[in-house]
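The structure under discussion appears below in the form of structure tokens.
Residue numbers begin at 1 in each chain, while the letters A, B, ... track the order of the sequences. All values below were derived from every heavy atom in this structure, side-chain atoms included, with hydrogens, water molecules and symmetry-related copies excluded. These figures come from a predicted structure and were not determined experimentally.
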2 protein chains.
Amino acid sequence: MSITIEELARIANTSVATVSRVLNNKPGVSEKRRADIKKLAEQFGYSPNILARNLVMKKQHMLGYIVSSLSNPAYIDFFHRIESSCRAQGYQVLIADSEENVKLEKQHIKAMLEHRADGLLIFPVADDHSSAGHRHFLDLQLRKVPFVLLGESGGYNFDYVTSEEIESSGVLARHLLELGHRRIGVVGVLPGNRCTEQRLEGVTRVLERESPEAAKILRRADGEKEDWIPEVCSWFKYPDAPTALITMNNGVALRLYRPLEEVGIEIPRDVSMVSFEDDFWTELIRPSLTTSVPNNAEVARLAFETLRERIKDPEAPPIGHHIPQTFIRRESSGPPRPEQK
Amino acid sequence: MSITIEELARIANTSVATVSRVLNNKPGVSEKRRADIKKLAEQFGYSPNILARNLVMKKQHMLGYIVSSLSNPAYIDFFHRIESSCRAQGYQVLIADSEENVKLEKQHIKAMLEHRADGLLIFPVADDHSSAGHRHFLDLQLRKVPFVLLGESGGYNFDYVTSEEIESSGVLARHLLELGHRRIGVVGVLPGNRCTEQRLEGVTRVLERESPEAAKILRRADGEKEDWIPEVCSWFKYPDAPTALITMNNGVALRLYRPLEEVGIEIPRDVSMVSFEDDFWTELIRPSLTTSVPNNAEVARLAFETLRERIKDPEAPPIGHHIPQTFIRRESSGPPRPEQK
DNA sequence: CTGTTAGCGCGTTCAC
DNA sequence: GTGAACGCGCTAACAG
């Protein structure tokens, strides 16, 4: 498929050592030979065999990026940021998608280890952020594999970087309280999913502290897929319907737009809606969505940096970072209808 | 980081050959030793060094997938399909994102070649589907690197698989004609982008054949980013405004929703809108979008198969495939207002 | 059945 | 400045 360093040496009437020196821009070769060999390499389309090189160098300059779901645009955004940092430092990034499947996640970790990646950046699958779901990371830590989790550490003492969820979620709740909402509903919590659970916790904490009566009547429609659609719609059959909804992500919010409209509920006139995450369509739809958006740039930067530190010093104590989110007010949230209470 | 096959052999009081045999499930080892060695390998957390293995095997069981933009959900969809086919056959897939940048594309190709991928699946960057933009693929072909293009072959004789654009685009045009539209606008054509150019061609062909008067007054708002927004809006200041718009993809369509509404134009009452591609929000927004959706599943399947064939026989003549799209009628298209014509 | 050995392509001493 | 020789971890003959 491509010639080897040895063939090149033969063609250039020299030894592999010399060729290797010029290929790696190392000193100790006369300028003339250097130029000659470079020309020959170009001419014969020489392509170094990275495998052989890495095998002897025992350094891959390669990081693994394992993500719970590539369908999530945020993770792609992440990847771009991380990759450009890496490229700047001569690192390559291997991507893998676990498709929210722990088994696949483990499989990918194994594969990357076999490929001798220097370190791993992992968005653990969201299904199971319990300590059980994180047990396989313990193995990694024991084996001294440098890795950092993007998300919670599941109670273990791992390196991790994550978006701050509780405070940020509280901001959304406070926003609704300030607008005058008291009857609030939370939609799309996935039991067992740490991220949504924290968002819920952020809401309840603020409510309990700042408006106990609102906390008491907080409603929830949880579950997978779109199970919550009929439940949420049913709330609006009664006079004590919520005047504001907090959805666990933009997808959940958008999926409610049409069903609500069909039962005669208008946003934000009849109900306010606030959400999490950021997508290009968030401000294009009507009404545009008020959201709390994670600071991906900073999370990515810190994750990469943390991994570099870990690679440098495998013995240092693990550290965790929480990055605050940004609140963006848009059209979907407003004061409750006066006549409604 | 992990023990080697040699250390394992020493621990098990045997030779590397035997260990290698059990690790690869090859015959010629007594059941007892096999079990012993497997246990030991497990116990010591042995992880094979794929680099060393591939170096000697000269087979990576690894494909490269280079895509013009990972931000496009369709390409992720693709990746999933291709990857699952690959995994089923013991192949791994390396992803790379060229971010619509030819330079990056070349860089990634180089990297994958250096990693000795067995073959490449490439979505060329869309900016330049001219023959100049495809010249670097000629090098690949000359070097006998197995690769297949996802998209047009730019006039060269390469393997490629692509969504059929011209006929499919014609279906949208015909749909509008049948609804009674005659004043039609095309939005979002990127000059130099083969895909959008073909979609435009599909429209004009049908119009010229089936309604020459409509073809004559066909309008266009081309360009990058969102340049076309003010232009499209300005059309509606005059009585001869288009009654239907064909946008080059869902993003373009969605970006027009609000601006049109702001100038008092309602979809589909005042103007019908039809588009291309498929996104989860396409049927969730209001009004839901009538689109022509590419058959990704089939394209992915065929691309993978074509690559396998190419790897098997590097000398066979290249072949191209065009996969028809599916038309999906939704709410955004309807008959023109009677009073308008 | 089992062990010995020769490379795979490359970077790196260490002599010349 | 230059080249011969060794070893990275592994597979595949080949010989017992």
Has B:T4 got a side-chain N or O lying under 4.0 Å from the OP1 or OP2 atom of D:dG9? no
At under 4.0 Å, does any side-chain N or O of A:S20 touch on OP1 or OP2 of C:dG11? yes
With the side chain defined as heavy atoms from C-beta on, A:S15 is closest, among D:dG3, C:dT12, C:dG11, to D:dG3
Rounded to whole Å, the NZ-P distance (B:K58 to D:dA13) equals 14 Å
Assess the residue pair B:L70 and A:F79 against the criterion (side-chain contact (heavy atoms from CB on, under 4.5 Å)); give the C-alpha distance rounded to whole Å, side-chain angles, the decisive distance to 0.1 Å, and a yes or no. CA-CA 10 Å; B:L70 265 190; A:F79 166 70; 4.1 Å; yes
Please confirm whether the shortest side-chain N or O distance from A:R33 to OP1 or OP2 of D:dG1 is below 4.0 Å. no
Integer-rounded Å distance: C:dC10 C1' and A:K59 NZ: 18 Å
Which part of the nucleic acid, if any, lies within reach of A:N24 when heavy atoms closer than 4.0 Å are counted: base, sugar-phosphate only, or nothing? sugar-phosphate
Taking A:N24 for the side chain and A:K26 for the main chain, is one N or O donor matched with an acceptor at less than 3.5 Å? no
Main chain of A:V125, side chain of A:E105: is a donor-acceptor contact present, judged purely on distance under 3.5 Å? yes
Does any donor-acceptor pair link the side chain of B:R21 with the base of C:dG3 at a separation under 3.5 Å? yes
Quick one: does A:R34 reach the base of D:dG1 with a side-chain donor-acceptor pair under 3.5 Å? no
Rounded to the nearest angstrom, tell me the gap between atom CG in B:D36 and atom P in C:dC1. 15 Å
Tested for side-chain contact (heavy atoms from CB on, under 4.5 Å) against A:L120, the lone hit among A:L113, A:L149, A:V148, A:L307 is A:L113
Which residue is it: B:R33, B:K39, B:R34, B:K32? I am looking for the one with a salt bridge (charged side-chain N to carboxylate O under 4.0 Å, His left out) to B:D36. B:K32
Interatomic distance, B:I37 CD1 vs C:dC1 P [rounded to whole Å]: 14 Å
Which whole-number value in Å describes the distance from B:E6 CD to D:dC8 P? 7 Å
Taking the side chain of A:R53 as heavy atoms from C-beta outward, which of C:dG11, D:dT11, D:dT2 is closest to it? C:dG11
Where the side chain of B:N49 is concerned, which of D:dG9, C:dT4, C:dG9 is the nearest nucleotide? D:dG9
Among the candidates D:dC8, C:dC8, C:dT4, find the nucleotide nearest to the side-chain atoms of B:V16. C:dT4
From NZ of A:K26 across to P of C:dT13 the rounded distance in Å is 8 Å
When you measure from the side chain of B:Q43 to the backbone of B:K38, do you find a donor-acceptor pair of N or O atoms at a distance under 3.5 Å? no
Figure out the CG/P separation between A:L51 and D:dG7, and round it to whole Å. 22 Å
Reading DNA chain C from 5' onward, which residue's closest nucleotide shows up sooner: B:G28 or B:L55? B:G28
Would you please confirm or rule out a distance under 4.0 Å between OP1 or OP2 of C:dC10 and any side-chain N or O of A:Y46? yes
Between A:T18 and D:dT2, is there a contact of a side-chain N or O with OP1 or OP2 at under 4.0 Å? no
Measure from the side-chain heavy atoms of A:S30 and tell me the nearest of D:dT11, C:dG9, D:dG1. D:dG1
Between CD1 of A:I50 and C1' of C:dG11 the distance, given in whole Å, is 13 Å
